Amino acid sequence: GIGARAASCYEQAVLVLRWFREDTGMPTLARDAGGSPATGYRYLHEGIDVLAAQAPDLHEVLRAGRGDGWTHVVLDGTLIATDRCRIKKPDTGHDLWYSGKHRAHGGNVQVICDPSGAPVAVSDVQPGSTHDLTAARATGFLGALHAAASLLGLATLADKGYDGAGIGIHTPAKGAHLTAGTACRNRLLTGLRAEGERGIAMLKTRWKALNRIRLCPRRIGAIAAAALVLTTAEQPIR
């Protein structure tokens with residue numbers, strides 16, 4: 001009848017989870033849900049939006065983490081690949097969604113992990129040509145991390161791409177022939193960062209859809225936020 005849906009809430013949830021976890025094609029998902037591919041995509045986007053809406057606010061995450069005894073967080077960027085999307089920059093004519101660093105099309109998403117390496121926040125998407133530091137600034141992540149450093153005493157560790165990011169953002173020193181103290185600091189930062197950076201690998205290996213997005217690239221931010229919510233839901237209560 002009018003207003004009836006082809007799939008139940010359970011079937012829609014299964015469709016969304018299969019898309020995230022297995023990267024199953026929409027023709028198969030829609031067939032199993034008893035609808036057309038167009039209906040399947042509508043169900044998928046509805047599910048993504050519902051999940052993404054549950055993603056935590058970064059300021060609240062940082063305050064809660066400091067209360068739980070976090071000494072630092074780790075900031076890193078990742079490219080979430082997408083099908084070729086040729087949109088030219090108006091000023092240079094370069095491909096907006098192409099990352100020269102990764103030699104692939106995709107969206108830049110900033111990820112924050114706690115000291116144990118669990119992802120706790122993801123940013124909205126920026127075009128793949130965006131530098132990590134620029135993306136962190138444009139998405140508001142940098143401002144939140146500055147506030148956490150000055151108000152909470154919570155430091156952020158990041159790689160050399162974030163050099164010059166400002167208060168509380170600690171990056172390895174650049175250059176050769178470093179002093180013993182500086183070289184030791186670099187090794188300590190690298191060791192602490194390595195644990196935190198596994199959060200990106202956790203997201204991408206757990207949710208295979210993140211390996212290549214076949215939807216509009218501007219949906220990557222919501223998809224990453226939904227994946228974060230799913231990952232958090234799977235973690236045991238500590």
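We count residues from 1, following the sequence as given. A quick note: this is a predicted structure, and the numbers were derived from the prediction, not measured.
- Counting only heavy atoms from C-beta outward, the side chains of T139 and V109 never approach each other to under 4.5 Å.
- Looking at D83 and H105, their side chains never bring a donor and an acceptor atom within 3.5 Å of each other.
- No donor-acceptor pair under 3.5 Å is formed between the side chain of S99 and the backbone N or O of S129.
- Look at R18 and D32 and you find a salt bridge, because one of the NZ, NE, NH1 or NH2 atoms lies within 4.0 Å of a carboxylate O, short of that distance.
- Across all their heavy atoms, A173 and N186 have their closest contact at N-OD1, 2.8 Å.
- Looking only at side-chain heavy atoms (C-beta outward), K174 and D163 come within less than 4.5 Å of each other.
- The shortest distance between side-chain heavy atoms of D124 and I220 does not fall below 4.5 Å.
- Annotation: the span from T82 atom OG1 to W97 atom CH2 amounts to 8.0 Å, rounded to 0.5 Å.
- Residue G77 comes nearest to I200 through the heavy atom pair O-CD1, 4.0 Å, listed as atom of the first residue, atom of the second, then distance.
- Note on V120 and V111: separate hydrophobic clusters, where clusters join Ile, Leu, Val, Met, Phe, Trp and Tyr whose side-chain heavy atoms are under 4.5 Å apart, directly or indirectly.
- If you take NE2 on H170 and CZ on R185, they are separated by 7.0 Å, rounding to the nearest 0.5 Å.
- There is a path of hydrophobic side-chain contacts, each under 4.5 Å, that joins L228 to W207.
- Transitive grouping of hydrophobic side chains (ILVMFWY, heavy atoms separated by less than 4.5 Å) brings L230 and L29 into a common cluster.
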Checklist entry - Can you check side-chain contact (heavy atoms from CB on, under 4.5 Å) on V74 and D114, steps first, answer last? => result CA-CA 6 Å; V74 176; D114 68 16; over 6 Å; no
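- Contact detail for L210 and L203: the closest heavy-atom pair is CD1-O, 3.7 Å.
- Note that CG of L178 and SG of C184 are 11.5 Å apart. Values are rounded to the nearest 0.5 Å.
- Within a 6.0 Å sphere centred on CZ of R21, other residues, nucleotides and ligands contribute more than 12 heavy atoms.
- I223 contributes atom CD1, which lies 11.5 Å from atom CG of L51 (distance to the nearest 0.5 angstrom).
- Counting all heavy atoms, side chain and backbone alike, M202 lies closest to A118 at CE-CA, 4.4 Å.
- In summary, of the residues considered (T78, T130, D132), a side-chain hydrogen bond (donor to acceptor under 3.5 Å, both in side chains) with N108 occurs for D132 alone.
- The two residues S36 and A30 have their closest heavy-atom pair at O-CB, 3.3 Å.
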Next on the checklist: Set out, in order, the CA-CA distance, both residues' side-chain angles and the distance that settles side-chain contact (heavy atoms from CB on, under 4.5 Å) for E11 and L15, then state yes or no.
Outcome noted: CA-CA 6 Å; E11 290 168 331; L15 180 151; over 6 Å; no
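- The closest side-chain heavy-atom distance from L192 to P115 is not below 4.5 Å.
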Checklist entry - Passes side-chain contact (heavy atoms from CB on, under 4.5 Å), T171 versus D159? Steps please. => result CA-CA 5 Å; T171 61; D159 63 30; over 6 Å; no
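- Here the closest heavy-atom approach between residue V61 and residue W70 is recorded as O-CZ3, 3.9 Å.
- Of the inter-residue distances, the one linking K160 atom NZ with L133 atom CG reads 15.5 Å to the nearest 0.5 angstrom.
- No path of Ile, Leu, Val, Met, Phe, Trp and Tyr side chains, each step under 4.5 Å between heavy atoms, connects L189 with L154, placing them in separate hydrophobic clusters.
- The CD atom of Q54 sits 11.5 Å away from the OG1 atom of T232 when rounded to the nearest 0.5 Å.
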Item to check | side-chain contact (heavy atoms from CB on, under 4.5 Å) between M26 and R214, worked out | outcome: CA-CA 10 Å; M26 185 52 68; R214 296 174 179 82; over 6 Å; no
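- By the criterion of side-chain heavy atoms lying less than 4.5 angstrom apart, applied directly or through intervening Ile, Leu, Val, Met, Phe, Trp or Tyr residues, V125 is grouped together with F20 in one hydrophobic cluster.
- Side-chain atoms of L157 and L75, non-hydrogen and from C-beta on, never get closer than 4.5 Å to each other.
- With contacts defined as side-chain heavy-atom distances shorter than 4.5 Å, the pair Y162/T156 does not qualify.
- In this structure, D23 does not pair ionically with R212, as no charged nitrogen and carboxylate oxygen lie closer than 4.0 Å.
- Taking the side chain as every heavy atom from C-beta outward, R219 and H45 approach each other to under 4.5 Å.
- Between N211 and I80, every side-chain heavy-atom pair lies at or beyond the 4.5 Å cut-off.
- Not a single donor-acceptor pair under 3.5 Å links the side chain of H102 to the backbone N or O of A104.
- A donor-acceptor distance shorter than 3.5 angstrom exists from the side chain of H146 to the backbone of A165, with no hydrogens or angles considered.
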